[in-house]
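Bear in mind the structure is a predicted one, so any value in this text is a computation, not a measurement.
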Amino acid sequence: SPRHGDGIANQPEKMSTGKSARTLCAGIIAVMLSVTPLGHGAPGTTKQLAAGQSEGGDLALRCGSLINGLLDEPLADQLVTIQAGRIISVESFGNVRGEIADSAVMNLSAFTCLPGLINTHVHFDTNPEDAADYGIYARRTFGQNLRLILDNARTTLLTGFTTVRHVGAWFPDAVYRARKLIDQGQAMGPRILTAGPYLTIPGGGGDLTFPEIPPDQIPSESQQGIASTPAGFATRAEAAILAGADFLKVIASGAVFSIGTEPGAPEMTRADIEAVVKVARKYGKQVTAHVHSDQSGQDAILAGVDSLEHASLLKDDTIVLARDHGVALSMDVYNGTYTDTVGRQQGYPAVFLERNTATTETQRVVFEKAYQAGVTLLYGTDAGVLPHNMGGWQFTTMVERGMSPMDAIRSATSVAAEHLGLDSDIGVISAGKVADLIAVRGNPLENTNTLRAVEVVVKNGFLIKTSNALPQ
């Protein structure tokens, strides 16, 4: 079997300029593999988009139905041709039938193809079960944290998410290392944009202070973003960017999964957040704000952030304020159900469960209002609170709370890509884009649960995962 990064077995030489997509299709031998994901391999490097990805696989896919990430309706029976990791054409298969051999095309005629999904809220350095004993964070070594991050990254990619926004970490150095290994093709995972450390007040929602961890055992790596004044936050923000952060994350209010804080209470001041935004703009970076509190939501919006995470307790005026200032909301509207069921069974602390109950339904109502008001909504699950293999479960909740299925899909494709400034490369299946695609059985516009079971994953033109249900 070809390995991740090796492209397709017996892959021909890259075609020279001027040859048509159909010529390329005729030269590609599609390989039908087992349902197990492909391995890790290293020869084919995946570069960061900012550096200009030029290396990638060659592939041709026949999609029975294609949701391209932009159009309101799917396209029927489409041929997607990929060269060197980029899509070079999308056209009706009927137009080329008879001009290419069936063996040259991967037959996904029983599937719906979509752009690779984007999750704008993940934490690869945590797992949900950690909430039962946060002392684990004082016991894991750097190597164990790196392994955990890479395992969660791999799981995330195999569930169809080819790009993620890692919105803060207690172990940011391990996340930087994982990002590099994935970019170099030495590990399997999605494209990672990371905020580095949480920018938070001492003892705040982003500080690793829990009863299970004695103060002298708190890992120093987790303390990189702690400050208590605007000047201090500016210093921490710049240090994070220089260390490798792609954007910045401020913990503006208390958190559900924390001790000694309240979700509805502000923690950072508007001046604190403004100081972070000023540094971010200097370096051309975005800022997102963890917000449950309505007051913190207002402060963050007026301080100039680009997006809010959670936004659980926003009042109507603040929702309108977000819309009018072009601030997007990344709202994890499914994981409250997981916490209330599985988390309760696993023995999460009572205070976490109480806060979860107090914010879950309120957040979903805010989501409904924000969608009706025309606020930009991004797909974000808070993976790490939610298991990393359940990234696709939130689509159904979004639809149940009033979002159209196509808008839910766009929130995880073209809308997310545009917000992240990556829309010239990802989020849409069209000529010139990076070849990130997934395929599911059935029609996700009729049943969004199909997005919980992604059977085919292509990242940068390389076949990462495929289905044993494909024709042989």
Q: Grab the two heavy atoms, one from Leu248 and one from Ala240, that are nearest each other, plus how far apart they are.
A: CD2-CB, 3.9 Å
Q) With sequence neighbours excluded, what pairs up with Ile201 under the side chain to side chain contact (heavy atoms under 4.5 Å, CB included) test? A) Phe233, Glu267, Met268
Q | Donor-acceptor contact present, side-chain Asp125 to main-chain Phe171, <3.5 Å | A | yes
Q) Can you check side chain to side chain contact (heavy atoms under 4.5 Å, CB included) on Val375 and Met331, steps first, answer last? A) CA-CA 12 Å; Val375 178; Met331 302 184 70; over 6 Å; no
Q) So, the side chain of Tyr371 versus the backbone of Ser404: is there a donor-acceptor pair under 3.5 Å, distance only? A) yes
Q: To the nearest 0.5 Å, tell me how far Arg452 CZ sits from Asn447 CG.
A: 8.5 Å
**Q.** From His388 atom NE2 to Leu158 atom CG, the distance as rounded to the nearest 0.5 Å
**A.** 13.5 Å
Q) Do side-chain atoms of Asn389 reach the backbone of Thr155 as a donor and acceptor pair under 3.5 angstrom? A) no
Q | Under the side chain to side chain donor-acceptor pair (under 3.5 Å) test, residues paired with Lys369 that sit two or more places apart | A | Asp316
Q.
Taking Leu71's backbone N and O only, do any of them form a donor-acceptor pair with Asn68's side chain (distance below 3.5 Å, no angle check)?
A. yes
Q: Please step through side chain to side chain contact (heavy atoms under 4.5 Å, CB included) for the pair Leu377 and Val415, ending with a clear verdict.
A: CA-CA 8 Å; Leu377 295 172; Val415 172; over 6 Å; no
Q: State, yes or no, whether a side-chain contact exists between Val175 and His123 at a heavy-atom distance under 4.5 Å.
A: no
Q | Heavy-atom side-chain proximity of Ile409 to Pro444 below 4.5 angstrom | A | yes
**Q.** Contact summary for Ser330 and Gly380, nearest pair of heavy atoms
**A.** OG-CA, 3.5 Å
Q.
Please check this pair: side chain of Asn335 against backbone of Leu386, looking for a donor-acceptor N/O pair closer than 3.5 Å.
A. no
Q: Answer yes or no: is there an ion pair linking Arg154 with Asp151, defined by an N-O contact shorter than 4.0 Å?
A: no
(Q) Given 3.5 Å as the limit, does a donor-acceptor pair link the side chain of Arg281 with the main chain of Gly304, or not? (A) yes
Q: Determine whether Lys459 and Thr163 make a side-chain contact, defined as any pair of heavy atoms from C-beta on separated by less than 4.5 Å.
A: no
Q | Arg401 side, atom CZ; Glu361 side, atom CD - distance, nearest 0.5 Å | A | 4.0 Å
Q. With a 4.5 Å heavy-atom cut-off, do Arg86 and Asp425 have their side chains touching?
A. yes
Q. At their closest point, which heavy atom of Gln394 faces which heavy atom of Tyr334, and how far apart are they?
A. OE1-N, 3.6 Å
Q) Side chains of Thr397 and Thr337: does their closest heavy-atom pair fall under 4.5 Å? A) no
Q.
Please report the interatomic distance CD1(Ile226) to OG1(Thr209), rounded to the nearest 0.5 Å.
A. 7.5 Å
(Q) Please report the interatomic distance CE(Met398) to CZ(Phe367), rounded to the nearest 0.5 Å. (A) 4.0 Å
Q | Distance-minimising heavy-atom pair for Ala303 and Ile273 | A | CB-CG2, 3.6 Å
Q) Where do Asp299 and Thr269 land on the side chain to side chain contact (heavy atoms under 4.5 Å, CB included) test, with the steps shown first? A) CA-CA 7 Å; Asp299 289 343; Thr269 67; over 6 Å; no
Q: Would you check if Trp170 and Pro219 make a side-chain contact, meaning some heavy-atom pair closer than 4.5 Å?
A: no
Q) Quick one: are Val320 and Arg323 in side-chain contact, heavy atoms under 4.5 Å? A) yes
**Q.** Of Leu463, Val457, Leu114, Ile82, the residue whose pairing with Leu437 passes side-chain contact (heavy atoms from CB on, under 4.5 Å)
**A.** Ile82
Q. Sub-3.5 Å donor-acceptor pair from the side chain of Arg236 to the main-chain atoms of Gln224, do we have one?
A. yes
Q | Side-chain H-bond candidate by donor/acceptor type, Gln298 with Asp317, under 3.5 Å | A | no
Q) Any donor and acceptor pair, going by atom type alone, linking the side chain of His292 with main-chain N or O of Ser253 inside 3.5 Å? A) no
Q: Mind checking side chain to side chain donor-acceptor pair (under 3.5 Å) for Thr288 and listing every partner two or more places apart, or none if nothing turns up?
A: Ser307, Glu309
(Q) For a quick test of reading the model, state the closest non-hydrogen atom pair linking Ala174 to Leu146 and the distance between them. (A) O-CD1, 3.6 Å
Q. At what distance, to the nearest 0.5 angstrom, does OG1 of Thr376 lie from CD of Glu418?
A. 7.5 Å
**Q.** Of Leu378, Leu420, Thr413, the residue whose pairing with Ile118 passes side-chain contact (heavy atoms from CB on, under 4.5 Å)
**A.** Leu420
Q | Verdict with supporting geometry, Val90 and Ile429, side chain to side chain contact (heavy atoms under 4.5 Å, CB included) | A | CA-CA 8 Å; Val90 180; Ile429 299 177; 4.1 Å; yes
Q: Taking all heavy atoms of Ala408 and all of Phe395, pick out the closest pair and write down the distance.
A: O-CE2, 3.4 Å
Q: Using the salt bridge (charged side-chain N to carboxylate O under 4.0 Å, His left out) rule, pick out the option among Arg191, Arg179, Arg165 that qualifies with Asp246.
A: Arg179
Q: Evaluate the side-chain proximity of Val291 to Leu314: yes if any heavy-atom separation is below 4.5 Å, no if none is.
A: yes
**Q.** Polar contact flag, side-chain donor to acceptor under 3.5 angstrom, Thr396-Asn449
**A.** yes
Q | Residues that Arg364 engages under salt bridge (charged side-chain N to carboxylate O under 4.0 Å, His left out), provided they are two or more places apart | A | none
Q: Return each pair, listed once, that meets salt bridge (charged side-chain N to carboxylate O under 4.0 Å, His left out) where at least one residue sits in residues 215-231; pairs must be two or more places apart or across chains.
A: none
Q | Sidechain-backbone polar pair: Asp306 side chain, Val287 backbone, donor-acceptor under 3.5 Å | A | yes
Q. How would you list all residue pairs meeting disulfide bond (SG atoms under 2.5 Å apart) that involve residues 180-234, not counting sequence neighbours?
A. none
(Q) Is it the case that the side chain of Tyr379 and the backbone of Gly391 share a donor-acceptor pair, with hydrogens and angles ignored and the cut-off at 3.5 Å? (A) yes
